[in-house]
Amino acid sequence: MEKKTVFSGIQPSGELHLGNYYGAIQNWVRLQDRFDCVYCIVDYHAVTGRTGRESDKFQDPRHESLATMSVQMAGDLMACGIDPRRSILFVQSHVPEHTELAWVFSCVASHGDLTRMIQFKDKADRSDYVSVGLFIYPVLQAADILLYRAAKVPVGEDQVQHLELARRIGRRFNTLVGEEYFPEVEAELTAGKRIMSLADPAHKMSKSLGDKHYVGLMEEPDAIWKKVRSAVTDSGEQVGGEMSPGVANLFEILRLTGAVDDVVDGFKAQHAAGKIRYGDLKTAVQDHIMRVLDPIRERRSRMSDDEIRDTLAAGAARASEIAKATMAGVRARVGVGPPPR
RNA sequence: AGGCCAGUAGCUCCAAUUGGUAGAGCGCCGGACUCCAAAUCCGGGGGUUGGGGGUUCGAAUCCCUCCUGGCCUGCCA
């Protein structure tokens with residue numbers, strides 16, 4: 001029996017961090033065993049964050065180009081265990097059918113639905129310039145997914161609304177053409193606790209919060225140690241009380257990075273007894289983070305940009321095959337394209 | 001399409017005595033204190049005043065123009 005297709009995308013937004021790794025990427029790696037996976041570096045999505053301000057000009061030298069960042073991202077993903085021989089790894093803009101299908105979908109999607117997207121409302125409120133692209137973002141996302149007739153899309157909580165829209169768009173397209181052209185997409189909610197910011201454990205780890213809030217996968221050990229050492233804890237005075245969010249986060253990182261039960265239990269017992277030394281806990285956390293990151297950094301350092309570019313070209317070729325077929329079917333059903341003889 | 005108002009540090013600003021050295025709070029960076037942090041204290045960096053042009057010895061301030069946002073009116077007759 002044929003394996004189902006999984007699609008997922010990530011913006012080439014620079015360096016991956018621990019939150020990305022345990023929130024998404026590690027899951028991507030595992031899914032490769034059970035599904036045909038299509039992993040896409042969505043550079044056109046990243047363009048929505050690059051308009052408006054003077055500092056966001058496309059050619060501004062203060063920004064790396066998205067092309068450069070896409071290559072970096074691909075390298076990082078492979079270092080994390082995305083295997084381009086098993087999965088299709090490519091860059092969105094290398095397969096133009098994404099934007100082509102997005103146009104068709106923008107004629108299928110409901111304006112009202114789009115105005116209800118909380119992520120749009122959120123970002124629009126915080127921007128001084130709101131492009132149509134930002135508004136249409138979920139439509140392009142729907143195109144990304146359905147272009148490969150994906151059955152499953154691993155998403156975080158914040159993306160379920162967009163995925164629901166993709167389902168609606170697919171269904172409506174099917175209704176319009178009178179056949180089940182696009183399969184029903186299923187969200188695969190990525191479970192598990194999220195890693196929180198080190199400096200502000202009330203928020204999920206994110207680069208946008210600031211430098212000291214996240215641990216980059218490719219960062220130097222001493223840079224990481226500086227961040228781990230300065231992570232928020234508590235005054236440690238309530239014996240046996242609730243664990244503070246910052247401390248709980250450190251325990252979570254310890255667990256995720258594969259600390260053996262003895263180590264975790266030992267610290268837990270000390271914490272319960274009110275005798276824990278957070279300095280020691282942090283040393284252990286650092287130690288385990290580096291155990292995970294060292295081999296990743298090592299693999300990454302052995303890759304050349306040329307090698308990555310070749311891999312992405314091959315990935316784009318494989319993706320194109322599927323995308324072209326889907327798009328040909330769409331054109332035929334919409335009634336555009338070269339006339340049939 | 002026209003009219004009116006607005007844009008000052010990463011963020012928030014009725015700071016800038018009305019043409020004379022660009023400020024505050026928060027955040028950020030460094031230090032002290034902490035087992036590590038937080039809080040607190042001490043210190044520090046940071047802005048082509050939305051962009052461009054002009055007037056002037058001198059412009060955040062006056063003029064022109066463009067950009068972005070908001071409000072009002074019109075257009076489609």
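So that the names make sense, note that chain A is the first sequence line, chain B the second, and so on, each numbered from 1.
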To the nearest angstrom, the NE2-C1' distance between A:H203 and B:G27 comes to 14 Å
Taking a pair to mean Watson-Crick or G-U wobble geometry with both distances below 3.5 Å, B:A6 pairs with B:U68
Could you tell me the Watson-Crick or G-U partner of B:A38, where both distances fall under 3.5 Å? Say none if there is no partner.
none
Kindly state whether the ring of A:F35 and the ring of A:Y148 have centres lying under 6.0 angstrom apart.
no
Out of B:C36, B:A37, B:G69, whichever nucleotide has its closest atom nearest the side chain of A:Y278:
B:C36
Are A:R149 and A:Y181 close enough that a side-chain donor and a side-chain acceptor fall under 3.5 Å?
yes
Rounded P spacing from B:C14 to B:U34 in Å:
42 Å
It should be established whether A:K212 places a side-chain nitrogen or oxygen under 4.0 Å from OP1 or OP2 of nucleotide B:G27.
no
Could you work out the separation of B:G43 and B:G7 based on their C1' atoms and round it to a whole Å?
33 Å
For B:A1, what is the paired nucleotide under Watson-Crick or G-U wobble rules, both distances under 3.5 Å?
B:U73
Base, sugar-phosphate, or nothing: which does A:K226 touch, judged by heavy atoms less than 4.0 Å apart?
sugar-phosphate
Please report the distance, rounded to the nearest Å, between CG in A:L209 and P in B:G10.
18 Å
Which one, B:A38, B:C36, B:U68, comes nearest to the side chain of A:Y129?
B:U68
What distance, rounded to whole Å, do you find between the two P atoms, one in B:C75 and one in B:G3?
16 Å
Say you draw a straight line from CG of A:L140 to CD of A:Q92; how long is it, rounded to the nearest 0.5 Å?
4.5 Å
Distance check, C1' atoms only: B:A60 and B:C13, in whole angstrom units.
15 Å
Indicate yes or no for a side-chain donor-acceptor contact from A:E15 to the backbone of A:M218 under 3.5 Å, with no hydrogens or angles considered.
yes
Paired to B:G25 by Watson-Crick or G-U wobble criteria (both distances under 3.5 Å) is B:C11
Separation of B:A37 P from A:D200 CG (nearest whole Å):
17 Å
Considering only the P atoms, how many Å lie between B:G25 and B:A16, rounded to the nearest integer?
16 Å
Say whether, by atom type as modelled, one donor and one acceptor occur between the side chain of A:R333 and the main chain of A:G329 under 3.5 angstrom.
yes
Value in whole Å for how far the P atom of B:A37 lies from CH2 of A:W225
9 Å
P gap between B:A6 and B:G47, integer Å
26 Å
Between B:G45 and B:C28, how many Å separate the two C1' atoms, rounded to a whole number?
9 Å
Mind checking who B:C33 pairs with, Watson-Crick or G-U wobble, both distances under 3.5 Å?
none
Would the A:H203 and A:Y214 ring centres measure less than 6.0 Å apart?
no
5′-ward residue of the pair A:V232/A:V130 relative to RNA chain B:
A:V232
Would you kindly compare A:H213 and A:I276 by the position of their nearest RNA chain B nucleotide and give the one closer to the 5′ end?
A:H213
Separation of atom CG in A:D280 from atom P in B:A37, rounded to whole Å:
13 Å
Could you tell me how far B:C26 sits from B:G44 if I compare only their P atoms? Round to whole Å.
16 Å
According to a strict under-4.0 Å criterion, is A:K282 in side-chain N/O contact with OP1 or OP2 of B:A37?
no
